[in-house]
Number of protein chains: 2
Amino acid sequence: MTPDDLNTDAASALDPAPSSTGHRNCPVRDVLDRLGDKWSTLILVTLSQSPQRFNALARAVPDISRRMLTETLRHLERDGLIWREVTPSTPPSVRYGLTPLGASLMSPLTELIAWAERHQPEIVAARARFNGRMANS
Amino acid sequence: MTPDDLNTDAASALDPAPSSTGHRNCPVRDVLDRLGDKWSTLILVTLSQSPQRFNALARAVPDISRRMLTETLRHLERDGLIWREVTPSTPPSVRYGLTPLGASLMSPLTELIAWAERHQPEIVAARARFNGRMANS
DNA sequence: CGGAATCCCCAATGATACTG
DNA sequence: CAGTATCATTGGGGATTCCG
């Protein structure tokens with residue numbers, strides 16, 4: 001892979017661009033942006049345990065507002081990573097869960113998370129060194 | 001791994017929190033946030049090719065402002081993912097490159113990128129279906 | 001219960017200009 | 001060349017309210 005791959009302009013025809021942060025439709029940056037949008041990863045990991053209802057998700061993901069929960073779920077659903085199942089009872093019930101596509105993302109994602117956990121001490125140490133160097137300069 | 005792992009409050013003692021977006025010092029979210037900060041991944045991938053000088057990076061990463069390039073490089077350096085080598089000539093020269101730690105991140109990162117490229121067609125298709133469902137509803 | 005709509009603020013980012 | 005400093009902008013996202 002070359003760095004250029006991260007800047008391809010692979011247009012996706014229709015598409016009001018879910019996160020129109022200005023960059024063009026690069027598939028890679030598209031996915032990476034999503035993972036960085038603060039909530040998606042959290043939700044995906046939570047759903048990887050088992051399907052959840054809306055309010056269960058709200059409780060499972062601390063501090064997320066319903067607004068952002070709704071929005072993030074829509075994005076993930078739109079991208080085919082999760083499914084949404086409405087049971088029109090009273091009160092209504094809505095369940096969310098990972099699609100096969102979403103489940104397939106968990107593999108590289110958990111590896112990345114594992115990396116983060118494995119190397120956290122090194123990162124903390126590096127920060128301490130960096131702060132030390134900045135202090136006496 | 002459980003979802004709770006994403007919300008641990010593993011404090012890192014000192015640390016003015018590079019991205020104080022409000023969430024506590026969770027190592028995992030910390031790393032994921034960094035990858036999502038729009039430029040870090042781009043820079044890491046570029047540097048994984050070979051060490052680069054400041055302006056070479058600026059050219060290699062389209063549309064990044066010098067301000068954001070500097071800031072992102074500082075963050076990456078601070079976290080021990082890249083090194084910074086100053087040659088105090090006139091004009092000065094500064095090279096950046098991946099540390100072993102940064103290089104070790106490339107492995108899970110490229111897997112994630114490979115996933116994105118591999119499954120892009122499915123995502124595009126899912127978006128088309130989603131847009132279609134929204135249209136006639 | 002599970003949203004949608006609205007208001008609003010501040011933090012992230014860009015633009016610009018200056019410096020060792 | 002490789003930054004730093006300052007100002008202006010904007011849109012992400014929290015809080016709140018309303019709806020089926």
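What you see is a predicted model, and the numbers here were worked out from it, not measured in a lab. So you know, we letter chains A, B, ... as the sequences are listed, proteins then strands, and number each from 1.
Among the candidates B/Arg84, B/Gln52, B/Glu85, the single residue satisfying the side chain to side chain contact (heavy atoms under 4.5 Å, CB included) test with B/Arg95 is B/Glu85.
Toward the 5′ end of DNA chain D lies the nearest nucleotide of B/Arg59, the other residue of the pair B/Arg59 and B/Arg67 mapping further downstream. Toward the 5' end of DNA chain D, the nearer of the two residues A/Pro92 and A/Ser65, judged by each one's closest nucleotide, is A/Ser65.
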- Item | Verdict with reasoning, B/Asp63 to B/Lys38, per salt bridge (charged side-chain N to carboxylate O under 4.0 Å, His left out) | CA-CA 11 Å; B/Asp63 300 332; B/Lys38 187 179 183 183; over 6 Å; no
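Between A/Arg53 and C/dG2 there is a side-chain polar atom (N or O) within less than 4.0 angstrom of OP1 or OP2. Residue B/Arg74 places at least one side-chain N or O under 4.0 Å from the OP1 or OP2 atom of D/dG3. Between D/dC1 and B/Tyr96, no contact under 4.0 Å exists linking OP1 or OP2 to a side-chain N or O. At C/dG14, one or more side-chain N or O atoms of B/Lys38 fall inside 4.0 Å of OP1 or OP2 (strictly under the cut-off). For C/dC18, the OP1/OP2 oxygens have no side-chain nitrogen or oxygen of B/Arg66 closer than 4.0 Å.
The nearest whole Å value for the distance from the CG atom in B/Leu69 to the P atom in D/dT4 is 11 Å. A straight line from CE of A/Met68 to P of C/dT6 spans 18 Å, rounded to a whole angstrom. As a whole-Å value, the separation of B/Asn55 CG from D/dC1 P is 5 Å. A straight line from CD of A/Gln52 to P of C/dG2 spans 11 Å, rounded to a whole angstrom. In this structure, A/Phe54 places its CZ atom 6 Å from C1' of C/dG2, rounding to the nearest Å. Taking atom CZ of B/Arg95 as the reference point, atom C1' of D/dC1 lies 15 Å away to the nearest angstrom. Atom NE2 in A/His75 sits roughly 9 Å away from atom P in D/dG13 (whole-Å rounding). Regarding A/Leu42, its CG atom lies at a distance of 13 Å from the P atom of D/dG13, rounded to whole Å.
Axis deviation across the helix from C/dC1-D/dG20 to C/dG20-D/dC1 amounts to 50°, comparing end segments of five pairs, rounded to 10 degrees.
Under a hydrophobic clustering in which Ile, Leu, Val, Met, Phe, Trp and Tyr are joined whenever their side-chain heavy atoms come within less than 4.5 Å, directly or via other members, A/Trp83 and B/Ile123 fall into different clusters.
Remark: B/Glu122 CD to B/Arg129 CZ distance equals 9.0 Å, nearest 0.5 Å. To the nearest 0.5 Å, the span separating CG on A/Leu35 from CG on B/Asp33 amounts to 11.0 Å.
Note on B/Arg74 versus B/Asp79: no salt bridge recorded, every NZ/NE/NH1/NH2 to OD/OE distance being 4.0 Å or above.
Donor-acceptor pairing under 3.5 Å is recorded for the side chains of B/Asn131 and A/Arg78.
Counting non-hydrogen atoms under 4.0 angstrom, A/Arg84 reaches the backbone sugars and phosphates but no base.
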